[in-house]
Each structure stands twice: as C-alpha cells, then as structure tokens.
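Note that this is a predicted model, so its numbers are computed, not measured.
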Protein chains: 2
Amino acid sequence: MRIGELGRVTCTQIETIRYYEREGLLAAPARTEGNFRIYDDTHVERLSFIRHCRSLDMALDEIRILLRFKDAPTENCGDVNTLLDAHIGHVAARIRELRALEGQLKSLRDRCHEAQDAAHCGILNELSQPSRQGATNGGGHVHGVHGGVRARYTP
Amino acid sequence: MRIGELGRVTCTQIETIRYYEREGLLAAPARTEGNFRIYDDTHVERLSFIRHCRSLDMALDEIRILLRFKDAPTENCGDVNTLLDAHIGHVAARIRELRALEGQLKSLRDRCHEAQDAAHCGILNELSQPSRQGATNGGGHVHGVHGGVRARYTP
DNA sequence: GCTTGACTCTGTAGTGACTACAGATTGTTA
DNA sequence: TAACAATCTGTAGTCACTACAGAGTCAAGC
C-alpha cells in the first residue's frame with residue numbers, strides 16, 4: 001500500500017507518517033520505480049503501536065524505548081512496567097496540578113459577579129498582584145505532563 | 001531599574017521580558033545612553049499582571065485581551081468574566097480527559113504484573129492493537145487545555 | 001587610565017510533535 | 001492526451017519561551 005492508504009488505515013496524517021520516518025520511529029520503506037513509498041502489514045502494526053502510545057500521551061522518546069523492547073522479544077520487560085508506572089505518575093501529578101489551578105481560577109472568578117467598569121473589576125485588580133504561592137504550572141499553559149521544554153514559573 | 005532587577009522583582013527571566021516586549025505585551029521602555037532598557041513601577045505592575053495570568057495558564061492571546069481591559073478602565077468588564085469562565089471550562093475539560101487517560105493507563109498496566117520476556121508482555125501486545133475509543137487527547141502528550149496547535153488523534 | 005567582571009544588547013536557533021504549504025513529479029482515468 | 005489525484009522533497013510555522021554567540025556598557029578596584 002502507499003502512504004495515503006496507510007494513513008487512512010491508521011488514522012494518521014501523511015505528513016505525520018513521513019515525520020515518524022524522519023525521526024527514526026518508522027523504518028524507511030521500499031519505494032516504487034516512481035519513488036513512492038510502499039508499506040506492508042508490518043508497517044501498519046508498527047504505526048498502530050506508535051499511534052496507540054501517542055493516544056496515551058506518551059512522548060516519542062518513551063515510544064522509542066517501547067519499540068526497542070518490541071524489537072528484542074527475548075529481553076525482560078521489567079523496564080516496560082517501570083516506564084508505564086512513571087508515565088502514570090506524571091499523568092496523576094498533572095491532574096493534581098490542574099485541580100489546584102481550577103480552584104485558583106474559581107476563587108478569582110468569585111471576585112467579580114456582575115459586569116461593571118473595568119477599573120473596579122475584582123478580577124483585573126487581583127491579577128495585578130503578584131501571584132500568591134507560585135504556579136503549580138508544570139509546563140506552561142496547562143501543557144506537559146513531563147514538564148517539557150517550557151519554563152516553570154514559581155515566583 | 002534595568003532589566004536584571006525587573007527580572008528579579010517579578011521572578012521572570014530576562015529573555016522572557018524581552019520576548020514579551022517583542023510580542024507587544026510589554027511596551028518598549030526608555031533607554032539609557034548606552035542603550036540599556038530602563039523600567040519603572042508601571043512596568044513592574046504590568047509584568048506582574050502578565051506573570052500572574054501565565055501562572056494561571058492563560059495563553060498570551062488571552063492575556064492580551066485582559067490587558068486591553070486594564071488599559072480601558074471605563075469599559076464594561078463583562079467580557080473578562082466570559083474569558084475567565086471559558087478558561088475554567090478548558091481546565092475542567094482537560095482534567096476530565098486526563099482522568100480518562102489515567103484509567104486507560106492503569107488498565108494497561110494491569111496486563112503485566114511480573115517481569116517476563118518482552119514477547120509475552122501483555123502491555124506491549126495490547127499496545128500493538130489500534131486503540132479502542134480514540135484518545136481524549138486534547139493536544140498531544142497531555143499538553144494543552146486549549147487544544148492548541150497540536151493534532152488531535154481520534155482513530 | 002586600565003583591567004576585571006558583571007551586566008546588557010541584538011540576533012538566531014532550538015524545544016515537541018507535528019501541520020501547512022510550494023513546486024515538482026508520478027499515477028490513474030476519461 | 002488531458003485532467004486530476006496522489007505523492008515527492010524541502011522549508012517554514014505553531015507556542016512560549018530558552019540558550020547561546022559575539023559585541024557593547026558600566027562600576028569598582030588597582
């Protein structure tokens with residue numbers, strides 16, 4: 001099959017498939033005479049694996065590790081369990097952070113109930129104060145289980 | 001004060017301050033003869049406002065809107081409430097998504113209790129199947145209250 | 001006056017995981 | 001043969017920064 005069909009079968013955009021190839025997650029497939037990529041069922045399986053992992057919000061680096069285990073079936077899988085436990089820990093931590101954030105936002109919202117002029121808006125005035133106990137922000141704009149690239153803001 | 005002191009006072013990296021200036025969130029300040037930026041208390045207040053908003057995980061575009069209200073104090077602040085309500089909604093939605101994800105990860109983890117060879121690892125085998133009901137993933141790798149730039153994966 | 005070291009300047013590139021597009025080529029159907 | 005779909009490579013953009021390189025500025029000590 002060609003890239004379009006692989007994309008349809010695995011619900012993956014064509015650019016994403018080529019991106020995975022560039023990133024070394026998907027091996028470079030054979031080509032037709034006209035230089036079109038040709039895939040078979042092994043590619044479907046591998047891409048399904050990757051997409052399933054991504055749907056569970058694993059980072060590509062984590063997926064790389066899991067793929068290495070898939071490629072070495074006699075290896076002991078203990079590290080797979082460890083990786084998954086760590087990932088579950090990250091997700092749980094992010095949930096706790098977001099809940100704290102939600103609480104802060106709701107208490108901020110309570111400062112202004114009816115519309116009035118902006119100069120007297122309790123929300124805007126509160127926001128002008130430095131924030132109290134530092135964001136629980138693990139990666140900026142509610143992103144990033146893993147902390148990620150983004151800066152931590154802890155005033 | 002110069003940029004270093006502003007950074008210390010507001011717990012903001014120098015590069016971030018310059019970035020906000022480039023982005024138009026912070027007005028370009030006066031300069032010394034030697035071309036150093038000089039800030040005063042109004043800048044401290046404005047930057048504190050921005051950082052406080054960021055610590056609440058608002059996007060810079062949302063903060064831009066709030067700043068417009070701060071700059072027009074006679075305007076009605078009803079839209080501030082609307083924006084905040086929407087933001088709270090996004091956070092709440094992301095928490096729901098992450099909880100669903102946590103459940104999926106835990107049930108995946110249950111498939112392999114003791115370390116064995118990778119070929120028989122229930123986790124790796126399960127991941128090779130296409131994912132069941134599509135990720136609740138609102139932005140890739142547990143990022144993004146706002147959905148953001150990232151792709152949604154819903155197989 | 002000179003040196004040292006801290007501070008600041010501009011500009012560019014990198015982060016993650018893609019997405020979007022331009023411009024060219026290939027394949028399929030009428 | 002022409003039209004059109006599919007694919008190719010390569011580059012740039014997303015968000016909110018961070019990290020440098022290489023140059024210039026400033027204050028304190030000698």
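- Checking the phosphate oxygens (OP1, OP2) of D:dC17, a side-chain nitrogen or oxygen of B:Arg51 falls inside 4.0 Å.
- In terms of position along DNA chain D, the nucleotide closest to B:Arg64 lies nearer the 5' end than the nucleotide closest to the other residue of the pair B:Arg18 and B:Arg64.
- Side-chain contact between A:Met1 and A:Asp40 is absent, with no heavy-atom pair separated by less than 4.5 Å.
- A close approach under 4.0 Å does occur between a side-chain nitrogen or oxygen of B:Arg54 and OP1 or OP2 of D:dC17.
- In this structure the side chain of A:Arg64 never reaches within 4.5 angstrom of the side chain of A:Met58, judged on heavy atoms.
- When the side-chain nitrogen and oxygen atoms of A:Arg8 are compared with OP1 and OP2 of D:dA6, none of them lie within a distance under 4.0 Å.
- Minimum atom distance to the side chain of B:Arg31 is reached by C:dT10, of the listed D:dC17, D:dT9, C:dT10.
- Going from atom CD of B:Glu62 over to atom P of D:dC15 covers 12 Å, rounded to whole Å.
- Closest to the A:Asn35 side chain, of the nucleotides C:dC9, D:dT9, D:dC17, is D:dT9.
- Under the 4.5 Å side-chain criterion, counting only non-hydrogen atoms from C-beta, A:Arg37 is in contact with A:Arg18.
- Between B:Leu26 atom CG and D:dC17 atom P the separation is 12 Å, expressed in whole Å.
- In this structure, the CD1 atom of B:Ile17 is 17 Å from the P atom of D:dA16, given to the nearest Å.
- In terms of position on DNA chain C, the residue among B:Arg22 and B:Tyr39 whose nearest nucleotide sits closer to the 5' end is B:Tyr39.
- Contact check for B:Arg54 versus B:Tyr20: side-chain heavy atoms found under the 4.5 Å cut-off.
- Side-chain proximity of B:Gln13 to the nucleotides D:dA19, C:dC18, C:dA17 is greatest for D:dA19.
- The shortest distance between the side-chain N/O atoms of B:Arg37 and the OP1/OP2 oxygens of C:dC9 is below 4.0 Å.
- Spacing between atom CD1 of A:Ile63 and atom P of C:dG16 amounts to 13 Å, rounded to whole angstrom units.
- Residue B:Leu83 is grouped with residue B:Leu60 when hydrophobic side chains (ILVMFWY) are merged at heavy-atom distances under 4.5 angstrom, including chains of intermediate members.
- In this entry the distance linking CD of A:Glu21 with P of C:dA17 reads 18 Å, nearest Å.
- Heavy-atom nearest nucleotides on DNA chain D were determined for B:Glu15 and for A:Ile14, and the one closer to the 5' end corresponds to A:Ile14.
- Counting only heavy atoms from C-beta on, A:Ile3 has its side chain closest to D:dT7 among D:dT7, D:dA16, C:dC18.
- Comparing D:dC17, C:dA17, D:dC8 by their closest approach to the side chain of A:Phe36 singles out D:dC8.
- Between A:Glu33 atom CD and C:dG27 atom C1' there is a gap of 13 Å when expressed in whole angstrom units.
- Put simply, B:Tyr20 has a side-chain N or O that comes within less than 4.0 Å of OP1 or OP2 on D:dC17.
- Using a 4.0 Å heavy-atom cutoff across all strands shown, B:Arg2 reaches sugar-phosphate atoms only and no base atom.
- Counting heavy atoms from C-beta on, the side chains of A:Ser48 and A:Thr10 come closer than 4.5 Å.
- Between the CD atom of B:Glu5 and the C1' atom of C:dA6 there is a distance of 15 Å, given to the nearest Å.
- Residue B:Glu23 contributes atom CD, which lies 8 Å from atom C1' of D:dA16 at whole-angstrom precision.
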